[in-house]
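Pasting a structure here, questions to come.
One is the number of the first residue; the rest follow in order along the sequence. These numbers come from the heavy atoms of this one structure, side chains and all, not from hydrogens, waters or symmetry mates.
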Amino acid sequence: MSTDVTEVQSGLEGVVAFATEIAEPDREGGALRYRGVDIEELVGSVPYEKVWGLLVDESFQPGLPPAAPHPLSVRSGDPRVDVQSALATLGAGGNGFGFRQLIDISDEQARDDLARASVMALSFVAQSARGTGRPPVPQTDVDLGASTAERFLIRWRGEADPDHVKAIDAYWISAAEHGMNASTFTARVVASTGADCAAALSSAVGALSGPLHGGAPARVLKMLDEVHELGDPERWVRDALDRGERLMGFGHRVYRAEDPRARVLRRTARELASTRYEVAEALERAALAELQARKPDRVLATNVEFWSAVVLDQAEVPPALFTSMFTCARVAGWSAHILEQKREARLIRPSAKYVGPPPRAAADVA
């Protein structure tokens, strides 16, 4: 076998690292399919817990179970930190979980561990968002929820507005999986070591710490507020681009057509009569026209960030919680990739090309 090291681009962009059966982003057609099913068929028709099942099991049944009544173990004031830390503790014994390492368990056990850890991640986000000054919602009240999104809102707020349930369910489904990215790659790397499911999921949450992955929708709301105040979206777009500012929510590294997730979330915002829908639609129209005029050789369509912000805002989710809502959505994709990596049974160990100093003596070091 050849020992040549394939040279790659910085950041591994364009490098195919895995063969996967989970999701298919269609670059040219502007579609996203989960196990072959277009997300436009899923949003509004199949609840998130069943979409989790589709991604992980290739079947809507049995889907994601309700969360166990397990209290949040860490409260730092930052929901992302709380969830990452609490997930990691599920791998320890003595808390009713005690997940064993992937290398030592069957695929069936790994699937069940992933289901339990995934739904606990949602519970931890809800508990963290509720804060420390309010008593926890009784489990009997949470159990009245008919869906995962409804139970999430009850655990968080003590009640669940049906429109908020619809908005959150739509967002979670649209963001449940999208192929390879920083957090998914992280989850697969950790899973390839044979670590337990909670460790792999916790590591993926850690990859969301930086602002370049998962948190961009929060910055869309600032644009919408400024456009609403000015009352002239065309002028706002021209001025922003003249200042060299980036328009959040436009363009995507994958799609060469409209992001399909933006399409289903725009539809959801319209169906929910979002208070921001008109200004968002006006800004989108103005931005696309101006971008086309300035950069006619580039395809800069609306991406998922733009309408995610509108839909989450309609559900009264504060911007500080947007990244954690992405965590709730993406545990489905992460779980599917962790299980796929377990079945591959191969340690991920890429090579690096050394470009440092040539051999030298310690005395030559400054």
Task: Pair listing, side chain to side chain donor-acceptor pair (under 3.5 Å) test, anchored in residues 34-44, at least two apart - done: Glu40-Arg263
Open item on the list: Looking at Asp169 and Lys50, is any side-chain nitrogen of the basic one under 4.0 Å from a carboxylate oxygen of the acidic one?
Closed with: no
Task: Any residue meeting side-chain contact (heavy atoms from CB on, under 4.5 Å) with Ala280, in chain and number order, not counting sequence neighbours - done: Leu224, Phe306, Trp307, Val310
Open item on the list: So Ser123 and Arg155, do their side chains get closer than 4.5 Å, heavy atoms only?
Closed with: yes
- [ ] Report the residues that fulfil side-chain hydrogen bond (donor to acceptor under 3.5 Å, both in side chains) with Glu159, sequence neighbours left out, ordered by chain and then residue number.
- [x] none
Open item on the list: Is any side-chain heavy atom of Val46 closer than 4.5 Å to one of Leu54?
Closed with: no
Task: Contact summary for Ala67 and Met120, nearest pair of heavy atoms - done: CB-SD, 4.0 Å
TODO: May I ask you to say whether Asp239 pairs ionically with Arg235, meaning some side-chain N is under 4.0 Å from a carboxylate O?
DONE: yes
TODO: Would you kindly confirm whether Leu321 and Tyr171 end up in one hydrophobic cluster when ILVMFWY residues are joined by side chain heavy atoms under 4.5 Å apart?
DONE: yes
Donor-acceptor pairs under 3.5 angstrom involving side-chain atoms of residues 186-199: please list them, not counting sequence neighbours.
unit_1 : atom_1 : unit_2 : atom_2 : d
Thr186 : OG1    : Ala182 : O      : 2.7
Arg188 : NE     : Gln341 : OE1    : 2.9
Arg188 : NH1    : His337 : ND1    : 3.0
Arg188 : NH1    : Glu340 : OE1    : 2.8
Arg188 : NH2    : Gln341 : OE1    : 2.9
Ser192 : OG     : Val189 : O      : 2.7
Ser192 : OG     : Ile348 : N      : 3.1
Thr193 : OG1    : Val190 : O      : 2.6
Thr193 : OG1    : Ala195 : N      : 3.4
Asp196 : OD1    : Ala198 : N      : 2.9
Asp196 : OD1    : Ala199 : N      : 2.8

Open item on the list: Would a single hydrophobic cluster contain both Leu288 and Leu283, if residues Ile, Leu, Val, Met, Phe, Trp and Tyr are joined by side-chain heavy-atom contacts under 4.5 Å?
Closed with: yes
Open item on the list: Testing the basics here: between Ala262 and Thr302, what is the closest heavy-atom pair and its distance to 0.1 Å?
Closed with: CB-O, 3.9 Å
Open item on the list: Strictly below 4.0 Å, N to O, side chains only: are Arg276 and Asp225 in salt-bridge contact?
Closed with: yes
Task: Charged N-O contact under 4.0 Å between Asp57 and Arg111 - done: yes
- [ ] Any chance you could pull the hydrophobic cluster mates of Ile154, using side-chain heavy atoms under 4.5 angstrom and chaining through other members?
- [x] Val137, Val142
Task: Asp143 and Thr140: side chain donor to acceptor below 3.5 Å - done: no
Task: Nearest atoms (heavy-atom pairs only) where Ile338 meets Ala200 - done: CD1-CB, 3.5 Å
Task: Within-4.5 Å side-chain heavy-atom neighbours: His178 and Arg330 - done: yes
Open item on the list: Applying side-chain hydrogen bond (donor to acceptor under 3.5 Å, both in side chains), can you list everything that pairs with Arg134, at least two apart in sequence or on another chain?
Closed with: none
- [ ] Indicate the atoms forming the closest heavy-atom contact of Gly36 with Arg33, along with that distance.
- [x] O-CD, 3.6 Å
Task: salt bridge (charged side-chain N to carboxylate O under 4.0 Å, His left out) involving Asp113 - partner list, sequence neighbours excluded - done: none
Open item on the list: Regarding Arg219 and Glu305, does a basic nitrogen lie under 4.0 Å from an acidic carboxylate oxygen?
Closed with: no
Open item on the list: With a 4.0 Å cut-off on N to O distance, would you call Asp107 and Lys342 a salt bridge?
Closed with: yes
- [ ] Please identify each residue that fulfils salt bridge (charged side-chain N to carboxylate O under 4.0 Å, His left out) with Arg80, with sequence neighbours left out.
- [x] none
TODO: Please report the shortest heavy-atom distance between Ala207 and Ser183, naming the atom on each side.
DONE: CB-CA, 3.6 Å
Task: Results of salt bridge (charged side-chain N to carboxylate O under 4.0 Å, His left out) for Glu226 - residues two or more places apart only - done: Lys222
Task: With Pro69 via side-chain contact (heavy atoms from CB on, under 4.5 Å) - residues at least two apart - done: Gln139
TODO: Output all residues satisfying salt bridge (charged side-chain N to carboxylate O under 4.0 Å, His left out) with Arg157, sequence neighbours left out; order by chain, then residue number.
DONE: none
Open item on the list: Any heavy-atom pair between the side chains of Val227 and Leu230 that's under 4.5 Å?
Closed with: no
Open item on the list: Ignoring hydrogens, what is the shortest heavy-atom contact between Ser308 and Leu265? Give both atom names and the distance.
Closed with: OG-CD1, 3.3 Å
- [ ] For Asp161, check side-chain contact (heavy atoms from CB on, under 4.5 Å) against everything at least two apart and list the hits.
- [x] Asp163, His164
- [ ] Without swapping roles, check the side chain of Gln109 against the backbone of Ile105 for a donor-acceptor pair under 3.5 Å.
- [x] no
